[in-house]
Amino acid sequence: MTSTSQQPVPPVASSAARTFDCVFVDGAFVESDAARLSVKAHVVSYGTGIFDGVRATWNEEHEELYLLEPLAHFERLQLSAKALSLPFDYSPQELVEATRVLLRTNNAREDTYVRPILLLTGELLPVRMHDIETRLVIYATPFPAGYVPTTGVRCLVSSWRRVPDTAMPVRAKINGSYVNPALAKTEAVQAGVDEAILLTIDGNVSEASTANIFLRRGDTWITPAVTEDILEGITRRQLIELIQGQLGGRVVERVVDRSELYICDEALLCGTAVQVAPLVEVDRRPVGSGLPGEQTLELMRMLGAILRAESGLYPEWTTRVYGDA
Ligand code: PMP
């Protein structure tokens with residue numbers, strides 16, 4: 001039986017006009033065709049792997065590509081491995097260097113997304129995490145367009161709950177666990193909005209499909225605490241710093257009730273892919289005035305300038321690809 005209440009899913013815009021053919025595989029730089037994975041690899045059946053995602057932003061005036069906190073992303077990859085007891089034979093610093101070489105080899109001179117993955121590639125059937133061959137891959141791709149509209153995101157609270165830490169480590173980026181946000185995102189898009197907000201099993205606000213969430217109530221910004229089954233986002237940490245250090249605001253990390261989404265003064269989503277995006281509607285109700293919040297716009301502007309290394313603020317957050325790191 002087909003449902004008539006569901007609208008077709010619009011295609012996601014793609015900017016993949018160009019591809020970066022060189023990939024990093026276990027210490028070597030190879031053509032991506034040479035890095036193919038067997039259909040029998042463990043990860044193909046069971047989603048057994050971990051990954052991360054790093055943003056690199058091209059500054060035309062500087063003729064430089066800037067990685068945003070690459071070390072923090074590789075340290076999180078290492079923690080993801082630790083949480084699953086997977087072997088991790090590299091230092092995060094080594095992987096930052098490998099990424100710089102990878103981007104130079106691909107002559108990346110545009111906004112770029114870097115995707116490191118540690119995959120269980122052993123061709124074995126048993127379901128387990130231990131004693132299975134792994135492979136560490138890093139590839140780069142032109143930054144994909146159209147994650148969420150930066151002019152204002154309309155959300156639904158998903159009928160799917162965020163996978164809890166009692167089921168698998170939520171602060172690790174586990175390949176297979178992304179079926180959960182993928183279901184929520186598709187449900188939201190089929191219902192005609194942009195994005196999903198997932199609640200915890202207890203019904204508190206956790207996060208969006210691939211972004212953390214902040215709400216402002218009066219002079220206080222509020223974001224779900226790290227014990228609310230969120231991914232501990234690096235952009236989330238940057239925003240806490242910007243709100244407190246630059247806007248002179250207050251941030252409280254705590255349990256967030258669903259109804260606070262409906263009555264807050266402004267709200268935003270943040271993550272490596274979405275960067276900062278204003279939340280303008282939740283469950284068909286306007287957030288605040290229904291327009292992007294003033295402070296959200298200021299945070300978008302500040303972070304945008306920081307990642308192009310234009311503002312002079314937090315220079316330690318960016319790493320050059322072409323010049324001396
Ligand atoms: N939550 C989830 C589930 C994510 O996949 C992401 C993207 N990595 C985020 C939050 C935001 O994290 P970050 O700011 O580190 O990209």
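Values below: every heavy atom of this structure, side chains too, minus hydrogens, waters and symmetry copies. Every number for a ligand or one of its atoms is a count from 1 in the order of the listing.
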What atoms in ligand 1 come closer than 4.0 Å to a heavy atom of Ile234? 13 (P), 14 (O), 15 (O)

Around atom 16 (O) of ligand 1, find the nearest protein heavy atom and jot down its residue, atom name and distance. Thr272 OG1, 2.6 Å

Glu207 N/O under 3.5 Å from ligand 1 N/O: yes

Checking the N or O distance criterion of under 3.5 Å, is ligand 1 in contact with Thr235? yes

Are more than 12 heavy atoms from other residues, nucleotides or ligands located less than 6.0 Å from atom CD of Gln244? yes

Contact (N/O only, under 3.5 Å) between His73 and ligand 1: no

Hey, are the side chains of Lys185 and Thr210 touching, using non-hydrogen atoms and a 4.5 Å cut-off? no

State, with a plain yes or no, whether a side-chain heavy atom of Asp229 is found less than 4.5 Å away from one of Arg161. no

Compute the minimum heavy-atom distance from Ser209 to ligand 1 and say whether it is under 4.0 Å. yes

The protein heavy atom nearest to atom 9 (C) of ligand 1 is Thr210 O, 3.5 Å

Just let me know how Pro181 lines up against ligand 1, side chain, backbone, both or neither, with a heavy-atom cut-off below 4.0 Å. neither

Can you give each donor-acceptor pair under 3.5 Å made by side-chain atoms of residues 317-324, sequence neighbours left out, with the distance rounded to 0.1 Å?
| residue | atom | partner | partner atom | Å |
| --- | --- | --- | --- | --- |
| Thr318 | OG1 | Pro315 | O | 3.2 |
| Tyr322 | OH | Ala108 | N | 3.2 |
| Tyr322 | OH | Ala108 | O | 2.8 |

Would you say the side-chain atoms of Tyr314 and Glu241 include a donor-acceptor pair closer than 3.5 Å? yes

With nothing but distance in play, are any N or O atoms of Tyr178 less than 3.5 Å from an N or O of ligand 1? yes

Shortest protein contact, atom 8 (N) of ligand 1 (heavy atom only): Lys173 NZ, 2.7 Å

Check this for me: Glu61, atom CD, are more than 12 non-hydrogen atoms of other residues, nucleotides or ligands nearer than 6.0 Å? no

Same cluster (ILVMFWY, side-chain, under 4.5 Å), Val193 and Leu261: no

Under 4.0 Å, heavy atoms only, figure out whether ligand 1 is touched by the backbone of Ala208, its side chain, both or neither. neither

Just to check, does Gly53 reach to within less than 4.0 Å of ligand 1 when the distance is taken from its heavy atoms? no

Return a yes/no value for Glu232: is any of its N or O atoms, backbone included, closer than 3.5 angstrom to an N or O of ligand 1? no

Within ligand 1, which atoms have a heavy atom of Gly271 less than 4.0 Å away? 11 (C), 14 (O), 16 (O)

Arg76 near ligand 1 by a heavy-atom separation under 4.0 Å: yes

If you count heavy atoms of other groups shown closer than 6.0 angstrom to CZ of Arg109, is the number above 12? yes

Quick check against the 3.5 Å criterion: does Asp165 have a side-chain atom that pairs as donor or acceptor with the backbone of Val170? yes

With atoms numbered from 1 as shown, which atoms in ligand 1 lie under 4.0 angstrom from a non-hydrogen atom of Gly233? 12 (O), 13 (P), 14 (O), 15 (O)

My understanding is that only one of Glu253, Glu69, Glu75 makes a salt bridge (Lys or Arg N to Asp or Glu O under 4.0 Å) with Arg237; could you say which? Glu69

Can the ring centres of Tyr178 and Phe51 be said to be less than 6.0 Å apart? yes

Is there a nitrogen or oxygen of Cys270 sitting under 3.5 Å from a nitrogen or oxygen of ligand 1? no

